[in-house]
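Computed from a prediction, not measured in an experiment: that's the story for all the values here. The basis for the numbers below is simple: all heavy atoms, side chains too, and nothing from hydrogens, waters or symmetry mates. Naming: A, B, ... by sequence-line order, numbering from 1 per chain.
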Amino acid sequence: MPELPEVETVRAGLERWVVGRRIASVEVRGERTLRRHLLGPADFTARLTGRRIAAARRRGKYLWLPLDDDSQLLAHLGMSGQFLALEPEVPPGAHLRARLQFDDDGPELRFHDQRTFGGLALSDAGITDDGVPLVLSHVAPDPIEPAFDPERFVTAIRRRRTGVKRAILDQTLISGVGNIYADEALWRAKLHYARATDRLRRSDVERLLAGITAVLLEAIQAGGTSFDALYVSVNGESGWFDRSLEVYGQDGEPCSRCGALIVREHFTNRSSYRCPKCQPKPRNGRW
DNA sequence: ACATCCACCTGCTCGC
DNA sequence: TGCGAGCAGGTGGATG
């Protein structure tokens, strides 16, 4: 659910609500949220307390808040993570995992996560030339950041030997794309999800990249996709891009381009949606 | 180095 | 009504 556009919406909310503020206290609930912070909750809390939040940044689906001591508070929303800016007196919700209170006594930052695939961690391992925390250096640039090199992407994906949807879901090749926007981008590029990456023409990949970039930017513009209350942006507003989805979740509906009925299929243990006419199946397995 | 599979979670919906 | 199965799906470690 939270893919790049939703995470960007959350990043903008964090910028609005917490950048420039000093952390006065930290509370963590449960074990799983800090599982990536290997030094444990006591270390996390101690190192965060007293720090000022300097910025709110993102690569793909990862968020981080650079702090005034050159460490970074890393966050991943997983499937159901939310950041909420709430007044301290608001009673804690059922899925509250962590809360940061500030020395200005203003709204606190709460991290909620129903399914606990998300998490927080603190890193002081430094940053790369792109300004990305070293612990995230396995995450490829996303298509809307300056460090993204389209030529490099075209070359890299055509060297892979896999299906095109698998490739664009691989965060080490291109980051930010999840199951929803992958299907939307493939529809825009008129590509079947199982098309062999090493048989794609340059023009296919360029069309695909254009589709990915366009759908991500349009979704950001719209405030991110939301299906239900699981996804809420940092100030509590849900997105509405789901009204604009062309294929995802649209099985049985006519394709807006050709009128054929959208189908739902399973691919890599996930649902995939496509137009059977615009995105026809490879005939002999590979093509 | 690369590709694939599955565990990790909770809560909702569906069918019997 | 109860209950289990299926489903949602990002990440990363294990396995090939």
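- No donor-acceptor contact under 3.5 angstrom links the side chains of A:Tyr62 and A:Gln171, judged on distance only.
- At whole-Å resolution of the value, CD in A:Gln171 and P in B:dA3 are 15 Å apart.
- The CG atom of A:Leu136 sits 17 Å away from the P atom of C:dG10 (whole-angstrom rounding).
- The side chain of A:Arg264 lies closest to C:dA8 when the candidates are B:dA3, C:dA8, B:dG11.
- As a whole-Å value, the separation of A:Arg166 CZ from C:dG10 P is 14 Å.
- Whole-Å rounding puts the A:Arg160 CZ to B:dC2 P distance at 6 Å.
- A cation-pi contact, defined as under 6.0 Å to the ring centre and within 45° of the axis, links A:Arg166 to A:Phe267.
- Under 3.5 Å, the side chains of A:Arg32 and A:Thr116 contain a donor-acceptor pair of N or O atoms.
- Taking only side-chain nitrogens and oxygens, A:His138 never comes nearer than 4.0 Å to OP1 or OP2 of C:dT11.
- Within the 4.5 Å cutoff, no side-chain heavy atoms of A:Arg21 are placed close to those of A:Leu109.
- Residue A:Arg32 has no polar side-chain atom (N or O) positioned under 4.0 Å from OP1 or OP2 of B:dA7.
- Here the nucleotide nearest the side chain of A:Tyr62, chosen from B:dT10, C:dA8, C:dT11, is C:dT11.
- Between the P atom of B:dA7 and the CE atom of A:Met79 lies a distance of 17 Å, rounded to the nearest Å.
- Residue A:Leu63 contributes atom CG, which lies 14 Å from atom C1' of C:dG10 at whole-angstrom precision.
- For the 3.5 Å distance criterion, the side chains of A:Glu6 and A:Tyr181 qualify, holding a donor opposite an acceptor.
- A:Asp69 and A:Ser71 form a side-chain donor-acceptor contact under 3.5 Å, judged by distance and modelled atom types alone.
- Regarding contacts with the backbone of B:dG11, a side-chain N or O of A:His95 is found under 4.0 angstrom from either OP1 or OP2.
- OP1 or OP2 of B:dC8 has not a single side-chain nitrogen or oxygen of A:Thr116 nearer than 4.0 Å.
- On a pure distance criterion of 3.5 Å, a polar donor-acceptor pair joins the side chain of A:Arg115 and the base of C:dA8.
- Under the stacking criterion of a centre-to-centre distance below 5.5 angstrom and an interplanar angle below 30°, A:Phe117 sits stacked against the six-membered ring of B:dC8.
- Counting non-hydrogen atoms under 4.0 angstrom, A:Arg36 reaches the backbone sugars and phosphates but no base.
- Side-chain N/O atoms of A:Tyr181 include none lying less than 4.0 angstrom from OP1 or OP2 on C:dG10.
- Under 4.0 angstrom from either OP1 or OP2 of C:dT11 there lies at least one side-chain N or O belonging to A:His76.
- For A:Arg270 and C:dG10, the shortest distance from a side-chain N or O to OP1 or OP2 is below 4.0 Å.
- One can place CG of A:Asp113 at 19 Å from P of C:dA8, the figure rounded to the nearest angstrom.
- Whole-Å rounding puts the A:Leu169 CG to B:dT4 P distance at 12 Å.
- Among the atoms of the strands shown, none is found under 4.0 Å from any heavy atom of A:Arg35.
- Contact between the side-chain N/O atoms of A:Ser80 and the OP1/OP2 oxygens of B:dC9 is not found at any separation under 4.0 Å.
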